[in-house]
Each structure stands twice: as structure tokens, then as C-alpha cells.
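Working notes, structure below.
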Amino acid sequence: MPNLLQAATSQVGRKILTGLTGIFLVLFIIFHLGGNLAIFGEADAMNRYSLMLHDFGPLLWLARIGLLVVFVIHAWIGISIWFRKRKARPQKYEVYSSKGGPSKQSLSSRSMAFTGVVLLVFVVFHINTFALGDMDTVLIDGREAADVKSLVIDTFQSPVYAFSYAFVMLLLGTHLGHGVWSAFTSLGLTGKKASAMMYTIGGIMAIVLAIGFLFIPLYIYFGGGCEAALIQCA
Amino acid sequence: MSTMTINLKVWRQKNQNAQGSFQDYTLSDVSEHMSFLEMLDVLNEQLIKEDKDPVEFDYDCREGICGSCNMVINGRAHGPKRLTAACQLHMRNYSDGDTIVIEPPRAAAFPVIKDLVVDRSAFDRIIEAGGYVSVKTGAAPEANLIPVEQHTSNVAFDYATCIGCGACVAACPNSSASLFTGAKLAHLNSLPQGQPERKLRTLAMVEQMEKEGFGDCSNYAECEAVCPVGISIAAIAEMRKDYVKASFS
Ligand code: HEM
Ligand code: FES
């Protein structure tokens, strides 16, 4: 019997890990989108939410470290699949095309490694901008809190930020178009009907998440930040 | 009877180490009733008459049951039709003046022996690793000694139809052998006779598949699309479940 590490790093184990970490990341971004949408709440809703997260203290750090580990495992395996695929077929086909039918080859499935690497680079910039960026402080219930909301609104006044964010979110949607269904298939989803249904649900989730995330920067940019109808500033 | 002119672009490679290249051939008078392999027979007759080396390609049964004839035709394993092996493909699927590109399955684990013939013994080694059921030899046992439910026997039979042609590997963008290995595992692991060796079989065949240098599965499902007997990627999902069970118990 293989030990846990051998099982996890075997070809089948790797695939199961991609699926598990992928689903975990999807759950995380759903949660993350929920937090982002607080920008449309009351004037201090977003900063209040941020303060609440910070109040978790060590638990927040535990979650961050867990997330980082999951993210690194996911990206590492994803990239290694790409390298292994190149090794497994050194001589390319002169002509190659899909036979259609049950095939799930699509722009989405064929670009997983590309969209994944863009997401990896994006996340580094993203953390630098919003987690490590310079923030003013505001008072919430008499306590000092970081003014995340103003940082977000200021950042997306820049067309470069607003449009590049929106573009990367399209790529996230592309990643998830194949990814959500694939993850469940990696974890053993079989039945024909269940699989077809999951493919549709995955597609809808990909579209909803992508639109949810890219709406915010574009709305702030075109709506003029605090001038915009849906955004209340203090 | 209508005949057509077919242009061929065929991969020619002298041996495993030689540098291969495409050669162009033109066949006039191809009958629409010919099978794809008969069309290649005509090409070879023509080459032999010209005192040239005929194109080497694999076949045995020519009726879709042996799995020898896997070749990549215009970018698709076994050609354009679903649920059809290259030997069952007919020239009526082509029109006068068409150009057909024929390549061997391309994968590091399937080295070219000559022209369109590849060495698929990597599959044999995956089977040797565990794709069998150990039984005592001697007189054939009573057929119904071990009861098998109808449903189980149907499922096992569906997976057992795999003819080991390697189209799944040929068509997979990652050159993964997951459909082949998954089908063989799902076949034996679903039958009562396969239970005693189930865990060892699963671990050993998965390990061998990786050792042979096949790529990972990315759930493209292209394998299911090209499989001449239509084996579903459910086989791969079953393999994953069995692998987890075998690793944790
Ligand atoms: C927000 C971030 C991300 C989410 C929500 C996400 C989600 C997913 C999901 C659900 C899957 C399907 C898993 C499976 O097929 O078993 C997947 C696959 C994949 N992900 Fe991600 N991912 C993210 C970031 C990344 C990053 C940063 C990379 C690479 C640098 C990456 C590379 C890949 C690759 C290559 C696959 C396909 C694996 C295969 O070929 O089977 N992903 N992702
Ligand atoms: S020659 Fe036997 S399957 Fe085609």
C-alpha cells in the first residue's frame, strides 16, 4: 500500500487533489465575492466587514495560511500537468481536431494552464494592491479601522486597473467553465445525467462569478466612484 | 460505380530512431465502397509496382474487434466517424479530390516502429501489472458457480468491450492512458471474481500507467469521443474512487 504522500502524488492522486483544491478555491471566491458586494451596502458596510475579519486575529491568519497552501498545491499540480503533457507527446500532430460528441474540449478546457498562470500572477498583484496597499483609517463604532472601501474606489478610477481586473475576471470565468464540472468529475462523479447537469451548473457558476467580480471595477470606473447610484460614501 | 481521386499525406518513418516525414501520394479510381484499409492496400500495391517501400500499418480483424488499426486520420483517431474503428471506415465518407493526412498515434509511450505502426506494449505492461483475475487452473469451473447480478454483468461487459486500440491515448491532448486503464479496472473491479485482488490491482495498474510515461487526465473526454466502442469516462471516475479506497484501507 502506498503511504499518504505517494498516494497523493500519484497520477490519480494529483488529479483528485486538483479537484479538491479547485473546489476549495471556488468556495473561497464565492465567499470573497460576498465580501466585495458589501461595497453596495451602507456607507461603512465594507469597512465593517473588513474589521470583522480582522477581529478573528489568529484564526484569520490560519485561514490565510490554509488558503495559501491550497492555492500553491493547486497551481503547482496544474503547471506540472502542463509540463508532463509536453513530455508525453514530444512529436506533435500535423493535423489535430476534436471528434465532438461527448468531448469536453473547448476554449475553456484547453486554456486551463494559461488562465491558471494568469490568475497566479494576478493574485500576487491583487494582494499587493488591496491587502498591502496604503489605507486611511476610519472610525467604526469608535474603533479605528482600515478604509478599504476608499482604496477600492480610488484604485478603480484608473482605466488600467479597472479594465485589467475585468479582463482577468473573464479569464477566471473561462477557467471555471471547465473547472467546476471537471473538479466533480475528478472526485468521482459518474452518471450521464448527473454529469450533464453538473456541466450546465458549472457553466452558470462560471458566468455568474465572472460577472459578479468584473461588475464592481467597471461600475466604479464608469459610475465615477462615490458619484455612482449604487455606492454610498460617508 | 463512382470512383474518386484521393490525395494522401502519409507519415513515413523507417524505424524508431529515424527522422520521419510526410509523403504525398495520389490515388485515382478509389471506390466509395472500399474500406479505409483497402484504400491503403491499393496504395501499397501501387508502391510495390513502383518498386517502393509499402506503407506499414497495423491490422488484424478488419472488423473492429482487435484494436490493431488505430491511426490518426485528419487529426482524429480512427477517422471522422464516432464508434467506428479505422478498419470499419468507408471511403464513401470522403469526396473526390479530398486530401487525407494519416499519422501514427503520437505519444512518447507509443514509440513508432515503422510508418503508421507504433509499439503499444506499454498497454500490455499495464495489464501485466494487475489486469487479470487469478484462478486455479484445471477443468473449467461451473459457469454459474459465482452468481453475478444482471446489472453488474452488464456494467462489467460495457467496460470489457475495450479493444485496447489506444485511440484514447492518441486523441488525448495530454496523451493520458486513463480511459484504457480505467476501463480495464472497472471491468474486473465490478465483478465478484475481481474482488480479492481489487486493491492491489488498482494500485499496481495506476502505478504502471504513470511509469510508462502517459500524461495526466484533464477530463477533456476526447477519449470517449474517439473510442470505437464508446467507453464512457465514467471508467476514469470509477478508477479514482477505487484508488482512494485502495490507498486508505
Ligand atoms: C481563484 C483561483 C482558482 C480557482 C477558483 C480554480 C479552480 C479550479 C478548478 C475548480 C479546477 C478543476 C479541477 C479538476 O479538474 O480536478 C481547476 C483546474 C485547474 N487549475 Fe485552477 N483555479 C484557480 C487558480 C489556478 C491557478 C493559480 C492555476 C495555475 C497557476 C490553476 C491551474 C489549473 C489547471 C492547470 C487546472 C487543470 C488541471 C487539469 O489539467 O486537470 N488554477 N482550477
Ligand atoms: S483491424 Fe481489428 S479493429 Fe481494426
Side-chain angles (χ1 to χ4, degrees), chain A residues 1-16 18-20 77-78 80-106 108-110 112-113 178-179 181-192 194-195 199, chain B residues 9 11 20 22 72-78 80-82 101 103 106-109 112 169-176 178 199-200 202-203 206-207 209-210 213-226 230 232-244 246-249:
Chain A
M1 209 200 290
N3 64 37
L4 190 60
L5 189 68
Q6 282 166 337
T9 54
S10 74
Q11 196 166 81
V12 171
R14 289 199 298 271
K15 188 64 220 183
I16 293 168
T18 330
L20 280 177
I77 299 178
S80 74
I81 288 175
W82 187 81
F83 276 107
R84 196 174 158 89
K85 139 202 188 135
R86 302 198 22 120
K87 228 173 89 186
R89 181 168 293 146
Q91 167 97 44
K92 292 218 162 59
Y93 285 110
E94 173 82 1
V95 187
Y96 179 83
S97 69
S98 166
K99 228 179 212 185
S103 174
K104 296 282 189 293
Q105 286 207 67
S106 59
S108 170
S109 65
R110 293 305 300 262
M112 292 303 272
H178 180 70
W181 169 83
S182 176
F184 283 95
T185 305
S186 298
L187 297 180
L189 178 74
T190 46
K192 264 206 159 31
S195 178
Y199 198 70
Chain B
K9 206 172 158 190
W11 182 259
F22 283 98
V72 176
I73 303 168
N74 281 343
R76 293 176 175 132
H78 289 302
K81 285 188 81 79
R82 287 203 53 219
V101 181
E103 296 175 74
R106 299 210 187 270
V112 172
V169 174
C172 176
N174 296 359
S175 312
S176 171
S178 295
K199 287 179 187 169
L200 285 178
T202 307
L203 296 173
V206 166
E207 189 183 331
M209 160 175 90
E210 176 153 21
F214 293 107
D216 298 78
C217 172
S218 290
N219 295 327
Y220 289 119
E222 186 64 33
C223 49
E224 180 176 333
V226 299
S232 150
I233 55 163
I236 303 175
E238 295 294 350
M239 167 171 74
R240 291 172 181 144
K241 284 190 266 191
D242 266 334
Y243 188 80
V244 172
S247 302
F248 289 99
S249 54

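Just so we're on the same page: letters track the sequence lines, and every chain starts at 1.
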Residue B/Val72 versus chain A: region with a heavy atom under 4.5 Å: side chain
Contact leader toward chain A among B/Ala171, B/Ala77, B/Ala109, where contacts are heavy-atom pairs under 4.5 Å: B/Ala171
Counting heavy-atom pairs under 4.5 angstrom with chain A, the leader among B/Ala234, B/Ser232, B/Ala108 is B/Ala108
Output for pair (B/Tyr243 OH, A/Lys15 NZ), nearest 0.5 Å, gives 15.5 Å
Short question: side chain of B/Glu103, backbone of A/Glu94 - any donor-acceptor pair under 3.5 Å? yes
Cut-off 4.5 Å, heavy atoms of chain A, and the answer for B/Val112 is neither
Which distance, rounded to the nearest 0.5 Å, do you find between the CD of B/Glu207 and the OG of A/Ser10? 9.0 Å
Over 12 foreign heavy atoms within 6.0 Å of CZ, B/Phe22: yes
Counting only non-hydrogen atoms closer than 4.5 Å, does B/Ile236 touch chain A with its backbone (N, CA, C, O), its side chain (CB onward), both, or neither? neither
Per-residue contact mode, A/Thr18 against chain B (heavy atom under 4.5 angstrom): neither
Need one label for A/Lys192: side chain, backbone, both or neither, based on atoms under 4.5 Å from any heavy atom in chain B. side chain
Got A/Val12 and B/Glu210 here, is their nearest side-chain heavy-atom distance under 4.5 Å? no
Winner by heavy-atom pair count (cut-off under 4.5 Å) against chain A, out of B/Ala235, B/Cys172, B/Ser176: B/Cys172
Taking the side chain as every heavy atom from C-beta outward, state whether B/Arg106 and A/Tyr96 have any atom pair closer than 4.5 Å. no
Report the residues that fulfil salt bridge (charged side-chain N to carboxylate O under 4.0 Å, His left out) with B/Lys81, sequence neighbours left out, ordered by chain and then residue number. none
Apply side-chain contact (heavy atoms from CB on, under 4.5 Å) to the pair A/Thr190 and B/Lys241, showing each step before the final yes or no. CA-CA 10 Å; A/Thr190 46; B/Lys241 284 190 266 191; 4.0 Å; yes
Side-chain touch B/Pro173/A/Arg110, heavy atoms, less than 4.5 angstrom: yes
With the side chain counted from C-beta on, respond yes when B/Asn219 and A/Trp181 share a heavy-atom pair under 4.5 Å apart, and no when they do not. yes
Please rank A/Lys87, A/Met112, A/Lys85 by heavy-atom pairs under 4.5 Å with chain B and give me the top one. A/Lys85
Listed by chain and number, what are the side chain to side chain donor-acceptor pair (under 3.5 Å) partners of B/Asn74, not counting sequence neighbours? none
Pick one: which of B/Arg82, B/Glu224, B/Glu222 meets side chain to side chain donor-acceptor pair (under 3.5 Å) with A/Ser103? B/Glu222
